Structures are given as C-alpha cells and as structure tokens.
Amino acid sequence: MEANTGDGTTELGQEEIYLAVREGIKDALFDVFATIVLLGLGLVFVWAGTQALATASLTLGYVSAGTVLGLGLVLAAAAFDLVPSFHERLLS
C-alpha cells in the first residue's frame with residue numbers, strides 16, 4: 001500500500017515493490033530469451049544464405065540465397081536493436 005508522508009511524497013509497500021521487481025525481472029528474462037532466439041535464427045539464416053550463395057549456379061539461386069542472407073542479417077540486427085523493433089509494431 002502507498003503511504004503518504006508529510007512532505008508530499010508516497011512510499012510503496014512491500015507488496016508493490018515485490019510486484020514491480022517481479023515484473024521487471026520477468027521482462028528482462030523475456031528480453032534475454034528473445035535476443036538469444038533472434039541471434040540463433042539470424043546465424044542460421046546467414047549460414048544457410050552463405051552456403052547457398054557459394055553453391056548457386058543460376059540467377060534464381062543467387063536471388064534466393066541473397067534473400068536468405070539478408071533475412072539473417074536483419075534478424076541479427078533486430079537482436080542488437082539496430083533496426084526498429086517489429087514486435088512492438090505487431091502488438092500496437
């Protein structure tokens with residue numbers, strides 16, 4: 001419970017502090033997990049795109065390999081917050 005003090009400020013009770021810390025830790029763990037997943041997917045796509053680019057012989061092969069490579073780079077950049085976050089756009 002919030003308690004008003006004489007100087008106009010409020011103090012938070014133990015329950016509010018516990019809930020705020022719990023939500024903060026949950027958000028931080030979700031961010032770490034999402035970063036690891038994005039990096040993993042990004043590395044897989046970069047590796048697959050590089051392998052496909054090295055073995056491509058037709059124009060369609062180069063285009064598809066470049067697309068996969070580009071997608072991997074975008075996923076890795078999203079993990080490091082170098083591009084605007086797309087999950088916030090989906091949720092809002």
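What you are looking at is a predicted structure, and each value in this text was computed from that prediction instead of being measured.
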Which donor-acceptor pairs under 3.5 Å do the side chains of residues 73-80 make with protein atoms, sequence neighbours left out?
none

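Judged as a side chain to side chain donor-acceptor pair (under 3.5 Å), the pairs with a partner in residues 18-28 (not counting sequence neighbours) are, in order, Glu23-Lys26.
Within the 4.5 Å cutoff, no side-chain heavy atoms of Leu71 are placed close to those of Thr67. Looking only at side-chain heavy atoms (C-beta outward), Leu29 and Phe33 stay at 4.5 Å or farther from each other.
Here CG of Leu53 is found 6.5 Å from CG of Leu69. Values are rounded to the nearest 0.5 Å.
Grouping Ile, Leu, Val, Met, Phe, Trp and Tyr residues whose side-chain heavy atoms lie under 4.5 Å apart, directly or via other members, places Ile36 in a hydrophobic cluster with Val32.
Both Ile17 and Ile25 are assigned to one and the same hydrophobic cluster, defined by single-linkage of ILVMFWY side chains at heavy-atom distances under 4.5 Å.
For the pair Ala56 and Gly61, the tightest heavy-atom approach, listed with the atom from each and the gap, is CB-C, 3.8 Å.
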